[in-house]
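Working notes for the structure below.
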Amino acid sequence: MKYIYDVVVVGGGHGGVEASLAAARIGRKTLLVTMSLDTIAMMSCNPSIGGPGKSNLVAEMDILGGEMGVHTDKYNLQLKDLNTSKGPAARITRGQADKYLYRIKMKELLEETENLDILQDCVEEIITDNNKITGVKTALGIEIEASAVVLATGTFLKGRIVIGDVKYIAGRQGENSAEKLSDSLKEHGIHIERYQTATPPRVDMRTVDFSKTERLEGEKHPRYFSIFTEKKENSVVPTWLTHTTEETIQVVKDLLKYSPIVSGIIETHGPRHCPSLDRKVLNFPDKTNHQIFLELESRESNELYINGLTTAMPPFAQDAMLKTIAGLENAKIVRYGYAVEYDYVPAYQLYPSLESKIIEGLFMGGQINGTSGYEEAAAQGFIAGVNAARKTLGKEPIIIDRSEGYIGVMIDDIIHKRTPEPYRALPSRSEYRLTLRFDNGFMRLLEKAEEIGIVSSERIEYLKQAKKNVEKEVELLKELKVSMRVANDILEKYGCEQRLTKGTTANEVLKFKEITYENLAHELGIDISTYPKFVTSQIETITKYDIFIKRENEQIEKFKKLEGIMIPKDFDFINVKGISNIAKAGLCDVKPISIGEASRISGVTGNDIALLLANIRK
């Protein structure tokens with residue numbers, strides 16, 4: 001049998017799922033090759049989707065045609081609105097997925113998707129001709145022809161599991177490792193490094209004393225990840241909060257010599273923003289009350305995820321830790337925590353399209369690029385899948401820059417800013433946080449969504465009208481006159497102590513923090529009954545934060561000017577006189593396509609940029 005496809009996706013995790021769905025939905029004949037059909041879309045670690053920065057990635061994918069947001073809205077145990085008391089840049093949604101249903105239903109979706117085939121096998125080689133991808137070869141000896149290949153291999157490239165002093169070959173506990181693919185990448189001139197990540201133990205919830213913990217409910221009417229989700233109410237399965245104690249920390253200190261971090265069995269770097277408990281004790285020995293969240297993994301299981309107790313210490317140490325935590329004194333571990341070390345490809349070797357600079361037609365998405373997290377992997381996989389499909393159609397890639405979305409911030413960061421640990425999306429990484437809000441993706445990315453072509457034309461027209469309505473109402477509020485008496489009556493009614501001394505406009509009344517758009521519309525007789533919540537929310541946010549949004553827009557305009565100054569493809573960075581050796585090394589590694597991109601490479605200074613500009617103009 002001959003295997004011939006437009007796009008082959010390697011890996012069935014969150015990156016691979018989004019890549020294969022995107023390519024198939026664009027109309028390309030796509031094959032997803034995964035080592036196990038039973039672990040497609042498996043949540044290897046925690047059951048959560050979303051959080052600061054991460055929610056923005058999910059919401060942006062939703063507008064562009066990705067699946068993660070829709071799927072989490074359907075198959076979750078709870079959703080929570082976070083940071084509601086903070087400004088709009090900080091407000092996000094966090095979901096606790098049903099890990100079993102998420103995985104099973106995603107597999108069903110893949111099986112039902114037109115243009116998409118699935119194969120259980122292990123890809124061991126990439127096949128090229130003159131540095132251009134032509135296909136892959138599997139462990140079973142099958143050669144698959146393809147015009148584009150997406151690698152979304154997760155932690156499976158030469159994966160090694162570590163628990164205490166035990167170390168063995170596996171990409172995830174109980175699963176095989178892909179032992180040969182990274183060797184094939186090396187043979188083709190691709191640089192490989194190693195990272196590490198870890199996961200906590202799981203316990204049988206029937207052995208937990210929940211009376212000693214704090215119960216945390218989900219919300220029946222949360223902000224959903226997908227703008228298109230409509231539900232009467234959402235699931236509210238609880239999580240539970242407890243804390244480590246002085247005794248816990250003492251146990252860890254006493255047993256630190258058994259930690260693979262201390263013993264040197266683990267030498268690679270793990271995610272800085274979710275460190276293991278033994279790492280926390282090493283870094284913050286005086287802190288005793290670390291939060292521990294107990295999260296149910298599925299309605300179909302009694303397994304509880306011990307969020308906050310990540311560790312690869314030996315089983316007896318994990319047992320000893322649990323006994324010191326309120327509610328877990330008699331808890332029985334059903335899966336011990338472990339670490340996994342794996343190969344990855346530093347992303348400076350990629351273009352912003354996520355195509356390899358070394359092998360044409362080879363794309364990469366997810367942990368293979370040095371990132372951490374389901375959302376980061378899914379967003380990269382989606383972009384890689386879209387651009388792989390467009391490559392086979394002879395179309396220009398879709399590039400989201402850092403002023404347009406958190407997806408753009410993440411891709412730009414991993415290419416240009418080397419980090420000593422797996423990269424995680426965070427609000428602090430974005431210069432334009434107020435512009436890149438969780439709730440306004442349809443305002444920012446609508447043109448990109450239309451260009452990609454996955455979202456239906458009916459939905460695109462619906463969102464276009466929604467955007468027009470937001471812009472129209474924002475301008476009407478600026479023009480609508482409100483007398484001093486009416487304005488002060490409104491302010492008094494809604495608990496605002498300030499008073500006006502003259503007439504004003506409706507938008508100025510809305511800028512008072514006590515006034516919502518719904519309240520103002522009611523008082524002024526403005527009919528907003530036909531507008532969905534996401535439209536009225538935008539009208540209020542844009543009006544209240546008008547001056548700050550304008551300030552960011554000015555910064556974005558300056559950013560766009562630098563992005564528009566292109567560097568010729570054959571430009572010789574080595575022979576530019578006056579540029580430091582550090583800058584030259586970074587420029588030669590990354591091969592930036594614009595002055596804006598060059599300015600974000602580590603080691604490149606303002607003086608280096610001035611010299612580059614002068615040479616380009618010559």
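Quick caveat, the model's predicted, so the values are computed rather than measured. All residue numbers in this chain count up from 1 along the given sequence.
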Quiz item: Should Arg551 and Glu554 be marked as a salt bridge (Lys or Arg N to Asp or Glu O under 4.0 Å) after you check the CA-CA gap, both sets of side-chain angles, and the distance that decides it?
Solution: CA-CA 5 Å; Arg551 193 179 298 164; Glu554 289 171 2; over 6 Å; no
Practice problem: May I ask you to check whether Thr435 and Glu552 show a side-chain donor-acceptor distance below 3.5 Å? | Solution: yes
Self-check item: For Arg91, salt bridge (Lys or Arg N to Asp or Glu O under 4.0 Å) partners two or more places apart
Solution: none
Quiz item: Hey, is CD1 on Ile582 packed in by over 12 heavy atoms from elsewhere, all under 6.0 Å?
Solution: no
Quiz item: What's the spacing between Thr516 OG1 and Leu510 CG if we round to 0.5 Å?
Solution: 8.0 Å
Quiz item: Does any pair with a residue in residues 229-238 pass salt bridge (charged side-chain N to carboxylate O under 4.0 Å, His left out), and if so which ones, sequence neighbours excluded?
Solution: none
Quiz item: Out of Val474, Leu476, Val470, which one pairs with Lys472 under the side-chain contact (heavy atoms from CB on, under 4.5 Å) rule?
Solution: Leu476
Quiz prompt | Ion pair check, Arg390 and Glu396, cut-off under 4.0 Å | solution = no
Quiz item: CG/Leu79 to OG1/Thr93 distance, rounded to the nearest 0.5 angstrom?
Solution: 7.0 Å
Quiz item: Excluding sequence neighbours, so at least two apart, what forms salt bridge (Lys or Arg N to Asp or Glu O under 4.0 Å) with Asp401?
Solution: Lys560
Self-check item: Pair Arg94, Gln78: side-chain N/O donor-acceptor within cut-off below 3.5 Å
Solution: no
Exercise. Determine which pairs satisfy salt bridge (charged side-chain N to carboxylate O under 4.0 Å, His left out) with at least one residue from residues 487-499, sequence neighbours left out, and list them in order.
Key: Arg485-Asp489, Lys493-Glu523
Self-check item: Any donor-acceptor N or O pair under 3.5 Å, side chains Asn369, Thr371
Solution: no
Self-check item: Flag for Asp98-Asn76: side-chain donor and acceptor within less than 3.5 Å
Solution: no
Quiz item: Does Glu508 come within less than 4.0 Å of Lys478, counting only side-chain N to carboxylate O?
Solution: no
Self-check item: Pairwise ring-ring contact (aromatic ring centres under 6.0 Å, His included) hits with a residue in residues 405-427, at least two apart
Solution: none
Quiz item: salt bridge (charged side-chain N to carboxylate O under 4.0 Å, His left out): which pairs involve residues 63-89, sequence neighbours left out?
Solution: Arg25-Glu67
Exercise. Mark yes or no: Arg402 above the aromatic ring of Tyr432, with NZ or CZ under 6.0 Å from the six-membered ring centre and no more than 45 degrees from the axis.
Key: no
Quiz prompt | Polar side-chain atom of Glu18 near backbone of Gly385 as donor-acceptor pair, under 3.5 Å | solution = no
Quiz item: Should the pair Lys468-Glu471 be classified as a salt bridge under the 4.0 Å nitrogen-to-oxygen rule?
Solution: no
Quiz item: Between Pro88 and Arg437, what is the shortest heavy-atom contact and its length?
Solution: CB-CD, 3.7 Å
Quiz item: More than 12 foreign heavy atoms under 6.0 Å from CZ of Phe548: is that the case here?
Solution: no
Practice problem: For Glu447, enumerate each residue passing the salt bridge (Lys or Arg N to Asp or Glu O under 4.0 Å) test, keeping only those at least two apart in sequence or located in another chain. | Solution: none
Practice problem: Consider only side-chain N and O atoms of Thr605 and Asn607, and report whether a donor and an acceptor are under 3.5 Å apart. | Solution: no
Quiz item: Restricting to pairs with a member in residues 490-520, which pass ring-ring contact (aromatic ring centres under 6.0 Å, His included), not counting sequence neighbours?
Solution: none
Self-check item: Closest heavy-atom pair and its distance - Pro275, Arg279
Solution: CB-CG, 3.8 Å
Practice problem: Can you tell me which residue pairs pass the salt bridge (charged side-chain N to carboxylate O under 4.0 Å, His left out) test with a partner in residues 367-388, sequence neighbours excluded? | Solution: Lys54-Glu375, Lys54-Glu376
Can you list, pair by pair, the side-chain donor-acceptor contacts under 3.5 Å of residues 344-353, counting residues two or more places apart and other chains?
unit_1	atom_1	unit_2	atom_2	d
Tyr344	OH	Glu193	OE1	3.0
Gln349	OE1	His191	N	2.7
Gln349	NE2	His191	O	3.1
Gln349	NE2	Pro346	O	3.0
Ser353	OG	Glu355	N	3.3

Quiz item: Atom CD1 in Ile528, atom NZ in Lys533: separation rounded to 0.5 Å?
Solution: 8.5 Å
Exercise. Mind jotting down which residue pairs meet the ring-ring contact (aromatic ring centres under 6.0 Å, His included) criterion with at least one end in residues 433-489? Sequence neighbours excluded, please.
Key: Phe442-Phe534
Exercise. Under the side-chain contact (heavy atoms from CB on, under 4.5 Å) rule, collect the residues that match up with Glu461, sequence neighbours excluded.
Key: Lys464
Self-check item: Identified side chain to side chain donor-acceptor pair (under 3.5 Å) counterpart of Gln538 within the set Asp439, Asn469, Thr543
Solution: Asp439
Exercise. Identify whether the distance between the nearest side-chain nitrogen and carboxylate oxygen of Arg600 and Glu563 falls below 4.0 Å.
Key: yes
